[in-house]
Amino acid sequence: MSVVLELPLQLPPAGSRDVRRRLHEQLKAAILDGRLAPGLQLPASRVLAEQLGLSRNTAMAVYDLLLSEGHIVSRPGAGTFVAGGSAKSSPGPATRPEAAFNLRPGRPDASAFPFDIWGRLTGRALRQFGRAGGVYREPAGHPALREAIAGHLSFARGLACAAEDVIVTVGAQQAFELVARTLAGPGRTVIVEDPGYPAAREAFVAAGSRVVAAPVDREGLVVEALPEGAALVCLTPSQHYPLGPPLSPARRAALAAWAARNDALVVEDDYGGEFRFESPPQPPLRAQDPDGRVVYVGTFSQSLLPALRIGFVVAPARARASLLAARERSDWHGPAIEHATLAAFIAEGHLARHVRRMRRVYAERRTALLDALAEHAGGKLEPIPAPAGLHVTALLAPSADARAVVARAAALGVAVDPLDTYAAERTAAPGLVLGFGQIEAARIDQAVRRLVQAIG
């Protein structure tokens, strides 16, 4: 039986360019004020479109936006539900309550995504697949997407690679899991940054590797602290996650020497290379890899949408066959229609234009955040200089209780992450990780003033 949306909506006439925005605003408001209760099943996008007299592309775009913002969750085979219900919601950050001022890191501004263009390209891809027949595809990913990714990396990151070097994955997380299973595995020593990206660390733990946490300072990974005999090191050299500074040139040279001495692989997580605001970017480690030791992991979650779930690995020759075999065993291949859509999105220049537009937006927000911290948080929060990314990490006084600050900030309507969320074995310095991807520049000053009030 079809689910009916019993909610009075006031939308402009069909065909108006304002329909998508109005529908998104009203559904979001109904979720936040409880009229659409946590766990409630929503109509399928096709049914919603029929009920409201809209195109299905419009309904799908609104659902994609709500999904990326964490207001709804999708359960394959079951349907779409309002986030927060105990039985029908998925775990993780997406189910956390909405805050008036969202300073959580790791999320781009989904409202700026060009859903109309994406919908048009998806329709084209569907027609093409309809003519060709919906056959199974190759495990490395759609050839056109691999070609497009190789071209994008050459243009945006100065990384020369061929389409056959690229393996498309279901987000960066699957990339880490494939690397962990095939290149690390049970009993082998793997080094991760501390603090660092928890999901990458967890992938190696799940694969049975002996995970060693290495310290990080304001030059990036402390290479001289790396143990000998490790099989692999995983790091974020372009801008450390979450502290921010890039790996210094001296540390890059030391890392290359360490990897050669130990015949080790280097997994480079280039999670946010598109959004750089200060100083020319250093090239990826993969671009300066004559020995073929660097496995490069990328994603479109920050440049486009987390909900797309498309990442990729650029694999050196020594690792390509094993990664590809693991990809095939895992789920054979990714969603071919989404791959074809993204390939066209990149090839027609939409990705480059979107990144340029958003770089200006995020630069304004970053400046507003740094200015507000300088004006209101002197002596209470010390920002760590970082040239790129969608967040700023700021240190509290050594005696501060970051978790207590986060709780008090939440009571004041400000959502923020404590730095120790990203710690592994060591106790992180008290600090906060302040994202600016999902908060308008005009609201940042008030958010920081409330945050300072929470610090006390």
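- The minimum heavy-atom distance linking Ala180 with Phe204 is given by the pair CB-CD2, 3.6 Å.
- Nearest heavy atom pair, residue Pro430 against residue Ala402, reads CA-CB, 4.5 Å.
- With Gln282 as the fixed residue, the side chain to side chain donor-acceptor pair (under 3.5 Å) test singles out one of Arg252, Gln288, Gln239: Arg252.
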Quiz prompt | side-chain contact (heavy atoms from CB on, under 4.5 Å) evaluation trace for Leu178 with Gln174 | solution = CA-CA 6 Å; Leu178 296 176; Gln174 187 186 47; 4.2 Å; yes
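- Qualifying side-chain contact (heavy atoms from CB on, under 4.5 Å) partners for Ala386, counting only residues two or more places apart in sequence or in other chains: none.
- More than 12 non-hydrogen atoms from other residues, nucleotides or ligands lie less than 6.0 angstrom from CZ of Phe277.
- Contact detail for Phe275 and Val355: the closest heavy-atom pair is CE2-O, 3.8 Å.
- Distance check: Leu396 CG to Leu432 CG gives 4.5 Å after rounding to the nearest 0.5 Å.
- Residues Gln302 and Glu274 have side chains not in contact (no heavy-atom distance under 4.5 Å, counting atoms from C-beta outward).
- Classification of the Phe300-Phe312 ring pair by plane angle, with boundaries at 30° and 60°, yields tilted.
- For Ser248 and Glu219, the side-chain atoms include at least one donor-acceptor pair closer than 3.5 Å.
- Within the 6.0 Å centre-distance limit, the rings of Tyr271 and Tyr241 are counted as a close aromatic pair.
- Atoms CG and OG, on Leu183 and Ser209 in that order, are 10.0 Å from each other to the nearest 0.5 Å.
- How far NE2 of His71 is from NZ of Lys28: 4.0 Å, rounded to the nearest 0.5 Å.
- Ion pairing of Asp116 with Arg120 is absent here, as no side-chain N (NZ or NE/NH1/NH2) approaches a carboxylate O to less than 4.0 Å.
- Looking at every heavy atom in both residues, Ala447 comes nearest to Val414 through O-CG2, 3.9 Å.
- Salt-bridge formation is not detected for the pair Asp270/Arg286: no Lys NZ or Arg NE/NH1/NH2 atom is positioned less than 4.0 Å from an Asp or Glu carboxylate oxygen.
- Val179 has its side chain within reach of Leu232: a pair of non-hydrogen atoms, C-beta onward, lies under 4.5 Å apart.
- A salt bridge between Asp401 and Arg408 is absent, with no side-chain N of the basic residue lying under 4.0 Å from a carboxylate O of the acidic one.
- In this structure, the side chain of Arg251 engages the main chain of Gly220 through a donor-acceptor pair within 3.5 Å.
- A donor-acceptor distance shorter than 3.5 angstrom exists from the side chain of His240 to the backbone of Pro195, with no hydrogens or angles considered.
- With hydrogens and angles ignored, the 3.5 Å screen pairs a side-chain donor or acceptor of Arg327 with a backbone N or O of Val168.
- Checking Thr189 against Arg210 by side-chain atom types alone, a donor-acceptor pair falls below 3.5 Å.
- Here Leu243 contributes atom CG and Asp217 contributes atom CG; the two are 9.0 Å apart, rounded to the nearest 0.5 Å.
- Side-chain atoms of Asp371 never come within 3.5 Å of backbone atoms of Ala368 as a donor-acceptor pair (strictly under, hydrogens ignored).
- In this structure the side chain of Arg449 reaches within 4.5 angstrom of the side chain of Asp445, judged on heavy atoms.
- Pro227 and Ile191 make their closest contact through CD-CD1, 3.5 Å (heavy atoms, listed as atom of the first residue, atom of the second, distance).
- For the pair Leu235 and Leu255, the minimum side-chain heavy-atom distance is below 4.5 Å.
- Using a 4.5 Å heavy-atom threshold, the side chains of Val233 and Leu221 count as touching.
- Taking a 6.0 Å sphere around CD of Glu147, one finds it holds 12 or fewer heavy atoms contributed by other residues, nucleotides or ligands.
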Practice problem: Take Leu226 and Asn262 through the side-chain contact (heavy atoms from CB on, under 4.5 Å) test and state the conclusion after the steps. | Solution: CA-CA 11 Å; Leu226 302 188; Asn262 289 274; over 6 Å; no
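- The residues Asp165 and Arg146 are annotated as not salt-bridged, no charged nitrogen and carboxylate oxygen being separated by less than 4.0 angstrom.
- Looking at Thr393, its side chain does come within 3.5 Å of a backbone N or O of Pro242 through a donor-acceptor pair.
- Side chain of Lys380 to backbone of Gln453: no donor-acceptor contact under 3.5 angstrom is found.
- Atom CG in Leu381 sits 6.5 Å away from atom CG in Leu434 (nearest 0.5 Å).
- Atom CG of Leu126 sits about 6.5 Å away from atom OG1 of Thr122, to the nearest 0.5 Å.
- By the 30° and 60° cut-offs, the orientation of the rings of Phe113 relative to Phe345 is parallel.
- Checking side-chain atoms of Glu268 against main-chain N and O of Val294 turns up no donor-acceptor pair under 3.5 Å.
- If you check the side chains of Asp417 and Tyr422, you find a donor sitting under 3.5 Å from an acceptor.
- Between the side chain of Tyr362 and the main chain of Asp109, a donor-acceptor pair closer than 3.5 Å is present.
- Heavy-atom minimum distance, Pro385 versus Arg218: CD-NH1, 3.8 Å.
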Practice problem: List the steps and the verdict of side-chain contact (heavy atoms from CB on, under 4.5 Å) for Arg403 and Asp420. | Solution: CA-CA 9 Å; Arg403 296 272 174 166; Asp420 64 11; 2.9 Å; yes
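- In this structure, the side chain of Asp289 does not engage the main chain of Leu285 through any donor-acceptor pair within 3.5 Å.
- Under the 4.5 Å side-chain criterion, counting only non-hydrogen atoms from C-beta, Phe176 is in contact with Cys234.
- With contacts defined as side-chain heavy-atom distances shorter than 4.5 Å, the pair Pro335/Ile337 does not qualify.
- Looking at Leu305 and Phe115, their side chains come closer than 4.5 Å, going by heavy atoms from C-beta outward.
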Exercise. Could you please spell out the steps behind the side-chain contact (heavy atoms from CB on, under 4.5 Å) verdict for Glu193 and Thr236?
Key: CA-CA 8 Å; Glu193 297 172 309; Thr236 49; 2.9 Å; yes
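- Side chain of Asp194 to main chain of Ala423: no donor-acceptor pair is present (N/O by atom type, distance under 3.5 Å, no hydrogens or angles).
- The only option from His354, Arg353, Glu348, His350 that meets the side chain to side chain contact (heavy atoms under 4.5 Å, CB included) definition with Ile117 turns out to be His350.
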